[in-house]
Protein chains: 2
Amino acid sequence: MSYNKGEMFSKTCKYAINAMIYVPGSSSEKERTNLKEISKAIVSPEAFTAKILQVLVKNKLLISVKGPHGGFSMNGDPSKIFLSWIVDAIDGDMLFTGCALGLKKCAEEHPCAVHYKFKAIREHLTGMLHSTSLTDMADRVNNGISFLKH
Amino acid sequence: MSYNKGEMFSKTCKYAINAMIYVPGSSSEKERTNLKEISKAIVSPEAFTAKILQVLVKNKLLISVKGPHGGFSMNGDPSKIFLSWIVDAIDGDMLFTGCALGLKKCAEEHPCAVHYKFKAIREHLTGMLHSTSLTDMADRVNNGISFLKH
DNA sequence: ATAATTAAGGATATTTTTGTCCTTAATTAA
DNA sequence: TTAATTAAGGACAAAAATATCCTTAATTAT
Ligand code: FES
Ligand code: FES
């Protein structure tokens, strides 16, 4: 038996976050990247990354354009796009609203054994996800402070 | 597409935690419960729960005895058994040491784009897991404050 | 000793997540 | 208008997590 979960974000979601960080910080025609560049930059399987980008486009986090020089660009100001939006688009809201111990609903009136202790952590986490913008993250990478791969 | 992870603990781990809470708080011969009672109490599939209990026994969190009136009991003082031990036994240490965005290693010298923000949350979380004992949790359930199922 | 009870553990099955392949649609350039 | 390029999307495949079944081993009571 080799259980190895407990990972906060799904692998799919991790790819999605790194992909979003890599997409240039503008929705102008000029600043656009494509699937090949993205999957290379974040070291992810190309075909799988394509599926993830589709979801991000459907969720209006990215804009896609087909054809030569097509590709992906941000939909809106990246300083106003938050990490929580990506997590929600890919992993759904379980991280924000689910019970840590698997009860059907997380509720004050019927709390699990770690509800109160967990609640504080969840608030800390969701606060961070709601307040961290794409520019926050992309700047670190562009300045060579943080990294997208390895 | 329906991605629905981002759950902090694996389902297996959630079962394990609730099972540990249900096992009576003593390693004496008298206070012992068995697979059937546990899986009923926490609403989990019996055969699968058996596998999980095996892992907990191998990790010395539980003691098992075969035969009539056999079953499972705590290995040691439950006020000195911590939530983090269960998580580590079942899900491994990725939650404690892994990179939030999937880099091979979480390291200050090569941080991902959310490393510093994530680090604080991880410390908060691991602090909680290391300081929450089985009695902390079991007391709440025994006092009717918290619940193991639904 | 024998039968009954309970956990251990191997084998297998199902479901979910992750990943690939290939065809179609849209756009651009020549 | 034709060819080239790029994303969309359906179908399929592989891997991992979750779950079941059945046989064996250990213990207890009769
Ligand atoms: S009920 Fe479990 S975290 Fe709220
Ligand atoms: S490097 Fe990603 S969390 Fe530390």
Side-chain angles (χ1 to χ4, degrees), chain A residues 1-19 23 29-30 32-40 42-75 90-92 94 102, chain B residues 1-19 23 29-30 32-40 42-73 75 90-92 94-95 102:
Chain A
M1 259 189 179
S2 77
Y3 300 108
N4 61 348
K5 276 302 181 66
E7 292 258 327
M8 207 80 84
F9 308 130
S10 70
K11 203 170 178 189
T12 307
C13 189
K14 293 172 187 172
Y15 287 147
I17 295 167
N18 281 315
V23 171
E29 297 297 308
K30 308 286 170 281
R32 198 182 269 159
T33 185
N34 62 34
L35 171 60
K36 197 161 289 187
E37 288 182 349
I38 293 171
S39 53
K40 190 179 174 193
I42 70 176
V43 189
S44 65
E46 205 171 300
F48 190 54
T49 307
K51 300 294 191 194
I52 298 169
L53 294 172
Q54 275 180 51
V55 174
L56 295 172
V57 168
K58 286 219 181 90
N59 280 270
K60 311 217 184 285
L61 297 175
L62 290 179
I63 290 171
S64 72
V65 175
K66 292 180 183 175
H69 305 109
F72 300 89
S73 58
M74 299 302 308
N75 186 4
I90 302 294
D91 279 347
M94 282 304 162
Chain B
M1 257 190 180
S2 80
Y3 299 108
N4 62 348
K5 276 304 182 62
E7 292 258 327
M8 207 80 84
F9 308 130
S10 71
K11 202 172 179 188
T12 307
C13 189
K14 293 172 186 172
Y15 288 148
I17 294 168
N18 282 315
V23 171
E29 298 298 309
K30 308 286 170 283
R32 199 181 270 158
T33 185
N34 63 34
L35 171 60
K36 197 161 292 189
E37 290 181 347
I38 294 172
S39 53
K40 191 178 172 193
I42 70 175
V43 190
S44 65
E46 205 170 301
F48 190 54
T49 307
K51 300 295 190 192
I52 298 170
L53 294 171
Q54 276 179 48
V55 174
L56 295 172
V57 169
K58 285 217 181 93
N59 280 269
K60 309 215 184 288
L61 297 176
L62 290 178
I63 290 170
S64 73
V65 176
K66 291 179 184 176
H69 306 111
F72 300 88
S73 58
N75 186 3
I90 303 293
D91 278 348
M94 281 305 162
L95 188 60

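Residue numbers begin at 1 in each chain, while the letters A, B, ... track the order of the sequences.
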May I have the distance from B:Q54 (atom CD) to D:dT24 (atom P), rounded to whole angstrom? 16 Å

Whole-Å distance between C:dT18 P and A:I42 CD1? 14 Å

Taking CD1 from A:I38 and P from D:dA8, how many angstroms apart are they, rounded to a whole number? 10 Å

Using heavy atoms to find the nearest nucleotide of DNA chain C for B:K58 and B:G70 separately, return the residue whose nucleotide is more 5′. B:G70

Interatomic distance, A:I63 CD1 vs D:dT6 C1' [rounded to whole Å]: 16 Å

A:F48, nearest nucleotide to its side chain (from C:dA8, D:dT20, C:dG19): C:dG19

Taking the side chain as C-beta and beyond, is there a heavy-atom pair between B:V57 and B:L62 under 4.5 Å? yes

Given side chain to side chain contact (heavy atoms under 4.5 Å, CB included), test B:E37 with B:N34 step by step and report yes or no. CA-CA 5 Å; B:E37 290 181 347; B:N34 63 34; 3.5 Å; yes

Apply side chain to side chain contact (heavy atoms under 4.5 Å, CB included) to residues A:N75 and A:L56 and explain how you reach the verdict. CA-CA 10 Å; A:N75 186 4; A:L56 295 172; over 6 Å; no

Expressed in angstrom and rounded to an integer, what is the separation of A:N75 atom CG from D:dA7 atom C1'? 16 Å

Check the distance between D:dT27's C1' and B:N34's CG and give it to me in whole angstrom. 14 Å

By nearest-heavy-atom nucleotide on DNA chain C, the more 5' of A:P68 and A:E46 is A:E46

Between D:dT18, C:dA8, D:dA7, spot the one nearest the side chain of A:S64, thanks. D:dA7

Side-chain atoms of B:Y15 come closest, of C:dA8, D:dA8, D:dA19, to D:dA19

Any heavy-atom pair between the side chains of B:F9 and B:L95 that's under 4.5 Å? yes

Take the protein atom CG of B:L62 and the nucleotide atom P of C:dT6, then report the distance between them rounded to whole Å. 17 Å

Which of C:dT18, D:dT18, D:dA8 is nearest the side chain of A:K11? It is C:dT18

Under 4.0 Å, heavy atoms only, any strand: does B:K14 hit a base, just the sugar-phosphate, or nothing? nothing

Give a yes/no on whether any side-chain N or O of A:T12 is located under 4.0 angstrom from OP1 or OP2 of C:dT17. no

B:L35 CG to D:dA19 P: how many Å, rounded? 14 Å

Side-chain atoms of A:H69 come closest, of C:dA29, C:dA8, D:dA19, to C:dA29

Between the CZ atom in B:F72 and the CG atom in B:L53, the distance rounded to the nearest 0.5 Å is 4.5 Å

Looking at D:dA8, C:dA8, C:dT20, which one has an atom nearest to any side-chain atom of B:K66? C:dA8

Base of D:dG10 paired with side chain of A:K51 (donor-acceptor, under 3.5 Å): yes

Strand partner of C:dA30, provided both Watson-Crick or wobble distances fall under 3.5 Å: D:dT1

